[in-house]
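Here the structure is laid out as structure tokens; the discussion comes afterwards.
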Amino acid sequence: MAGEKPVAFVAERQIPPSPPPVRTGGALGWARDNLFSGVFNTVATLLSLAFVAYILAMVVPWLFLDSVWNASSLQGCREVDDGACLAVINERFLQFVFGFYPEELRWRPILAFVLLFVAIWPALFSSAPRKLLIFSALYPLLAYWLIWGGSLWGPVGAVVGIAIGWACIRFLPSLVRGRLDEGLAFLAAVGAGILATALWWLFGVIAFEEALDGVVAIGLEPVESARLGGFLLSTIIGVSGIAGSLPIGIVLALGRQSNLILIKAVCVGFIEFIRGVPLITLLFVAWLLLSYFLPPGTEFDLILRVVIMVTAFASAYMAEVIRGGLAGLPTGQYEAADSLGLDYWKSMRLIILPQALKISIPGIVNTFIGLFKDTTLVIIIGLLDPVGLLQPIRADQNWNGIVWELYGFIALFFFIFCFAMSRYSMYLERNLDVGHR
Amino acid sequence: MTAAATERDEERRAMTASGEVAIDIAGMNKWFGEFHVLRDINLTVYRGERIVVCGPSGSGKSTLIRCINALEGHQAGRIVVEGTELSSDIKNIDRIRSEVGMCFQHFNLFPHLSVIENCTLAPIWVRREPKKEAEDRARYFLERVKIGDQALKYPGQLSGGQQQRVAIARSLCMQPRIMLFDEPTSALDPEMIKEVLDVMVDLAESGMTMLVVSHEMGFARQVAHRIIFMDEGQIVEQNEPEAFFNNPQSERTKLFLSQILSH
């Protein structure tokens, strides 16, 4: 036994918690820990610093110190200084923003742009008053009216169409109650509602518009699509695509999981077809082919066609992103919702989608950003988005030879929007992250 | 035999005699693909009866109770719950589900909702109760499972035992007539098992009809009216607790009991 340590041990006192050891605090301590913690890190830090300094030494004088804001040509710029010739942006700024939108009417897209923030406010921040959502729902038609002009009764007629559809869905089932299975009656009512809305939009709206114009003509001066361009055009296509692709993507993702073979087949077919085709092809279809399929004489705005194609394209991607989120949820969530007696739509809306969408936020925003940048592709079907506007400027004798300033400016515009979306998504993820310590 | 156990047996005989049936399963069979998981199940549960289902893993005991609220469909035989037969009719299924509460092994709380929202969601959306009323009842039941002070927290901030008690409260908020428990303590640390079992004992004493899949033999001995032993998809043996533990009949049951009681 001698020399053997006794195995029995009883703690004699509770060890109180004490603060962690003090590190060398302050900026110096941080720098030593993070930047110069070893030979390799020190070398990497110095090289990176040198690289950053080199880039700044080139960009800062070019962009800020030696840049020229006021001149009427590249020649003029060079006579003043040899930095960036920002005079071209100074001169063409309004064209970059509005395209060829009539000068005296530009307050309308500006107003629409300002109202856009009011409309998306309740969608982005839960602290916003809920009542504003009604405004958000009406905003697309308001913005359409402001930008394209024309009779107010056109957009109002479109709203009436939606109201007709809603009324069909709301009231038709009660008419046939007792004579038809309830689910069947609901499906039939939805079908009738969609049909009624479509018929109204195709045939009723124009008559409605003309009739009311005869009574009281309220309207704005119409502006042709061909005059829209620049960032205005990018924003119209981008925002409509974003606003449309999320709900459609959700419906497609749910449809793809459906037990109903027909719905599933339609959704899978749509997603796989659209994903399998380049966006440029779809844009050409919108530009050239769509008019063959429409009844002759139908005037179908090119920008609207492009918006539809871009939305469809983004929806297919969105559906797959959201499907990933749905698949990422444990089956226990579906079972718990079922076991409480929630029906399919309630369990989707209250339990499954809030969680699935939260998981999918990075992918959703990724798709949004991709979509927004893809709007520049409309240049190939002749729409004058910012990149499209470059060609005439660069062909202008005064500005011939300018490259960096113009592309840099457009890049900056897209960067600001995309970076804002990226930051918002991070804010949202942080905000929704409850209870994970 | 203890006095309590004798009393419980008396209670059970009275329930059987009353003929008030909560769940009636007759000739039920289920397959997963080719695999015959449940074989010719016949089981009648009377109102107020507490049944513990045990058996080795893969014996079909979880599947059995999941069939009762149609989380799993069955292919043959019939299941009648509180007078309504489970069929493919979604309306029937949703009605039965709102009458039958269920607790899962992994709690399955909704992580994006606070504890109180977890509890009020179904009463508000399924039963269409006013929010105030649903919240009052939620607070009552949270109090009863001794977790009233955590109502505004999120599930991720609670321990496993607390989460399972919230899950029980969530089910109770629908005021179910039957409660199903699918291995409610299997995913818990030993220290937390007791707090959940205490709540279940309390629930048992209130007269709730309970079907519990569990390996907690102490709990079974304490509250069950009847113990069912399943193996390979069939009910091998069922008996009153004292008789089941002290005098198991089939070889399979004896082996099972010797394995789980030997430690």
Side-chain angles (χ1 to χ4, degrees), chain A residues 126 130 173 177-178 180-187 250 254 257-261 263 322 325-361 364 428-437, chain B residues 62 65-66 68-72 88-115 117-128 150 152-158 163 166-167 170-176 179-180 182 187:
Chain A
S126 53
R130 294 290 92 188
R177 177 164 299 151
L180 214 56
D181 177 66
E182 221 169 291
L184 209 62
F186 181 71
L187 273 186
I250 290 174
L254 292 179
Q257 289 205 324
S258 171
N259 295 327
L260 304 170
I261 280 299
I263 292 179
I322 293 168
L326 289 171
L329 281 193
T331 46
Q333 292 293 309
Y334 292 84
E335 288 176 357
D338 284 349
S339 77
L340 286 169
L342 293 166
D343 62 31
Y344 175 80
W345 290 109
K346 281 178 193 151
S347 81
M348 286 300 138
R349 184 156 69 87
L350 301 166
I351 309 298
I352 305 302
L353 281 176
Q355 297 184 62
L357 290 179
K358 194 198 122 192
I359 306 176
S360 320
I361 287 173
I364 291 174
L428 198 60
E429 277 180 74
R430 249 197 334 272
N431 230 23
L432 293 178
D433 192 25
V434 287
H436 301 285
R437 281 185 296 185
Chain B
S62 284
I65 71 163
R66 287 159 60 86
I68 293 171
N69 65 353
L71 286 183
E72 306 281 357
S88 55
D89 187 350
I90 294 210
K91 282 259 156 48
N92 270 352
I93 289 178
D94 279 342
R95 186 163 64 238
I96 286 171
R97 281 173 177 167
S98 65
E99 299 282 337
V100 179
M102 177 142 191
C103 289
F104 300 87
Q105 182 178 1
H106 296 288
F107 334 129
N108 298 352
L109 293 176
F110 305 131
H112 62 301
L113 299 176
S114 66
V115 164
E117 287 166 338
N118 265 279
C119 293
T120 56
L121 183 114
I124 289 174
W125 289 96
V126 178
R127 292 243 194 271
R128 309 212 158 280
Q150 317 273 11
L152 297 177
K153 286 195 180 169
Y154 285 88
Q157 298 168 305
L158 304 181
Q163 290 194 41
V166 171
R170 176 176 73 178
S171 297
L172 292 178
C173 281
M174 284 294 277
Q175 296 178 304
M179 282 288 292
L180 308 174
D182 188 2

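Proteins come first, then strands; the chains are lettered A, B, ... in the order of their sequence lines, and each starts at number 1. Below, each value reflects all heavy atoms present in this structure, side chains not excepted, and no hydrogens, waters or symmetry copies.
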Where does [X] contact chain A at under 4.5 Å (heavy atoms): side chain, backbone, both or neither?
X	answer
B:L109	backbone
B:H112	both
B:R66	side chain

### Message
Working to the nearest 0.5 angstrom, can you tell me the gap between B:L121 CG and A:I351 CD1?
### Response
4.5 Å

### Message
Quick check for you: to the nearest 0.5 Å, what is the distance between B:D94 atom CG and A:L342 atom CG?
### Response
8.5 Å

Distance-minimising heavy-atom pair for [X] and [Y]:
X	Y	value
A:Q355	B:P111	OE1-CG, 3.2 Å
A:K346	B:W125	NZ-O, 2.9 Å
B:N108	A:E335	ND2-OE1, 4.5 Å
B:N69	A:S339	ND2-CB, 3.7 Å

### Task
Heavy atoms only, distances under 4.5 angstrom: which of B:M102, B:H106, B:R97, B:Q105 has the most pairs with chain A? Name it, please.
B:R97

### Message
I need the single residue from A:I352, A:L350, A:L340 that forms a side chain to side chain contact (heavy atoms under 4.5 Å, CB included) with B:F110. Which is it?
### Response
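By the side chain to side chain contact (heavy atoms under 4.5 Å, CB included) criterion, B:F110 pairs with just one of A:I352, A:L350, A:L340: A:L340.
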
### Task
Taking atom CZ of A:R130 as the centre, report whether more than 12 heavy atoms of other residues, nucleotides or ligands fall under 6.0 Å from it.
yes

